[in-house]
2 protein chains.
Amino acid sequence: MAAGWQDIHDEALRRIQMREWCPGTLIPNETALAEEFGCARATVNRALQALADAGWLERRRKAGTRVALSPQRRAQMAIPLIRQEIERSGQSFSHSIIERSVTRMPPHLCAALSLNAPAEALHVRTLYMADARAFAFEDRWVNLAAVPSISDAALNDISPNEWLVQNAPFAHGTLDYSAVAASQDEARHLGCPTGTPLMVLERRTFGPDTAVTFMRLAHAPGHHLRLNI
Amino acid sequence: MAAGWQDIHDEALRRIQMREWCPGTLIPNETALAEEFGCARATVNRALQALADAGWLERRRKAGTRVALSPQRRAQMAIPLIRQEIERSGQSFSHSIIERSVTRMPPHLCAALSLNAPAEALHVRTLYMADARAFAFEDRWVNLAAVPSISDAALNDISPNEWLVQNAPFAHGTLDYSAVAASQDEARHLGCPTGTPLMVLERRTFGPDTAVTFMRLAHAPGHHLRLNI
DNA sequence: TAGTGGTCTAGACCACGGC
DNA sequence: CCGTGGTCTAGACCACTAG
């Protein structure tokens, strides 16, 4: 007899992994499982929902619950602040503002951020350091209409990254990683030869109403993106 | 008045994003919120648990529920089969086995997979194609002790990728993306100059008891990894 | 239309952990 | 200690959808 929903979850997962329940097949319905495990249907429901969230099961009303054909796992990645990422590895974090200006946002960025009209933006270029080594080079555009108060922010004291996390509520956004050859500019700041393969992260962030920021972050050579499944 | 837990979830999220509930502060307890929203405590609980899972809230018994200090978002990424990734973009998928052999796994891979003893392994190198273009080049080692039946698999008909997903139950693993200069070998198969920046995915997969496979997948130039938050 | 999962309720007990 | 979230229950109604 199982006690909690976790136990039922684990037992169901075992049956999936051990092929007692095969991919594509129907499993008993909630009422039947509740009887088998000697618990309420809601408890079974909770366990099976967790498995569905994790991608092991596919559930449809009336059709019942099936083991996913391709147990397509979902990897979860925590998006760390750069500061945390560096300090967690035991190094000291610092940053320096390379450039800061207020200009009109270039058209291709307006398009990328779905902005109809040309927008005034804060343009900041920042170098992030781990101990004495360059960690990443950031090129960021902040829509001043969405976050006017950043004009007065002391970005030398707190990095643009952190300032926005703490001051700009946001609803959603996209991350886009790719492998790119270092430009002359990036190479100079990161201290590597031009053309070195770099992990580049482009990030768009949108607030409840409008676009907040576009960022391109070029990581120093050797950067890894790790995920668990 | 809110009706379902989704409504309560959305309203709470709104209050967090609008700074009505500020980072680090305590929010009302479940009983109070249940009264405010005119519903049962369990309904509030469900909504707040979802927010905690997403990283917006931190909950502790007795201490109550706080808005997370750094609303560290977690990005979820579906790990697609290569076939699906290609076919979803409207291209046709194919693959060809470049090399297939049974050998002893190299020591550094044994170490990477936490295998104590030297293991017999199936070594497969595969080129994945989207229409007529190379999509990715895979170098894979499968632990025969964990998946003996792959010896008889017709990997020319079904890709190693898919065969394993369908036949090798697994419990967990790691993904590791990095930007790497194309080796001569990779460049030849992917049809690009040596040294071109490539997105390389290294994947370790572990079954309930032991390591299943190590894979290195070099994507063709221009590959992007997209995530939503 | 009938069977299935999705959700809500009111109440209960438990486990954790500040105080 | 005792307030908080975590969970279970028994029952109910609803929403979706396959047949």
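Note that this is a predicted model, so its numbers are computed, not measured. Residue numbering restarts at 1 for every chain, and letters A, B, ... go by the order of the sequence lines.
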Closest nucleotide of DNA chain C for B:A42 versus for A:L48: which of these residues is on the 5' side?
-> A:L48
Please output the side-chain donor-acceptor pairs of residues 42-52 of chain A that fall under 3.5 Å, not counting sequence neighbours, one pair per line with the distance.
| residue | atom | partner | partner atom | Å |
| --- | --- | --- | --- | --- |
| A:N45 | ND2 | A:E30 | OE2 | 2.9 |
| A:R46 | NH2 | B:Q49 | OE1 | 2.8 |
| A:Q49 | OE1 | B:R46 | NH2 | 2.7 |

If you pin B:T65 and A:R41 to their nearest nucleotides in DNA chain D, which one's is more 5'?
-> B:T65
Name the stems that DNA chain D belongs to, where each is three or more consecutive Watson-Crick or G-U pairs with both distances under 3.5 Å?
-> C:1-18 with D:1-18
Just jot down the side-chain contact (heavy atoms from CB on, under 4.5 Å) partners of B:P28, sequence neighbours excluded, or say none.
-> B:W21, B:A32, B:L33
Return the set of residues passing salt bridge (Lys or Arg N to Asp or Glu O under 4.0 Å) with B:R125 (not counting sequence neighbours), or none when no residue passes.
-> B:E99, B:D185
Does one side chain, of B:R41 or B:T31, offer a donor that lies under 3.5 Å from an acceptor on the other?
-> no
Who are the salt bridge (Lys or Arg N to Asp or Glu O under 4.0 Å) partners of A:D176, not counting sequence neighbours?
-> B:R226
Got a sec, which pairs hit salt bridge (charged side-chain N to carboxylate O under 4.0 Å, His left out) with one end in residues 84-97 of chain A, sequence neighbours left out?
-> A:R83-A:E87
Residues passing the salt bridge (Lys or Arg N to Asp or Glu O under 4.0 Å) test with A:R204, sequence neighbours excluded, are none
With sequence neighbours left out, which residue pairs that include part of residues 209-218 of chain A fulfil the salt bridge (charged side-chain N to carboxylate O under 4.0 Å, His left out) condition?
-> A:E186-A:R216, A:E202-A:R216
Which two nucleotides bound the region of DNA chain D that has atoms under 4.0 Å from heavy atoms of chain A, read 5' to 3'?
-> D:dT7 to D:dA18
Would you kindly give the CG-to-P distance between A:L33 and C:dT4, to the nearest whole Å?
-> 12 Å
Taking only N/O atoms, report every protein-nucleotides 17-19 of chain C pair under 3.5 Å with atom names and distance.
none

Only pairs under 3.5 Å count here: list side-chain donor-acceptor contacts from residues 133-143 of chain B, not counting sequence neighbours, and write none if there are none.
| residue | atom | partner | partner atom | Å |
| --- | --- | --- | --- | --- |
| B:R133 | NH2 | B:Q91 | OE1 | 3.4 |
| B:E138 | OE1 | B:Y128 | OH | 3.1 |
| B:E138 | OE1 | B:R140 | NH2 | 3.2 |
| B:E138 | OE2 | B:Y128 | OH | 3.3 |
| B:E138 | OE2 | B:R140 | NE | 3.2 |
| B:D139 | OD1 | B:H123 | NE2 | 3.3 |
| B:D139 | OD1 | B:W141 | NE1 | 3.1 |
| B:D139 | OD2 | B:H123 | NE2 | 3.4 |
| B:R140 | NH1 | B:T213 | OG1 | 3.3 |
| B:N143 | OD1 | B:A145 | N | 3.1 |
| B:N143 | ND2 | B:A211 | O | 3.0 |

Under the salt bridge (Lys or Arg N to Asp or Glu O under 4.0 Å) test, which residues partner B:R61, sequence neighbours left out?
-> none
What is the distance from CD of A:Q6 to C1' of C:dA15, rounded to the nearest Å?
-> 15 Å
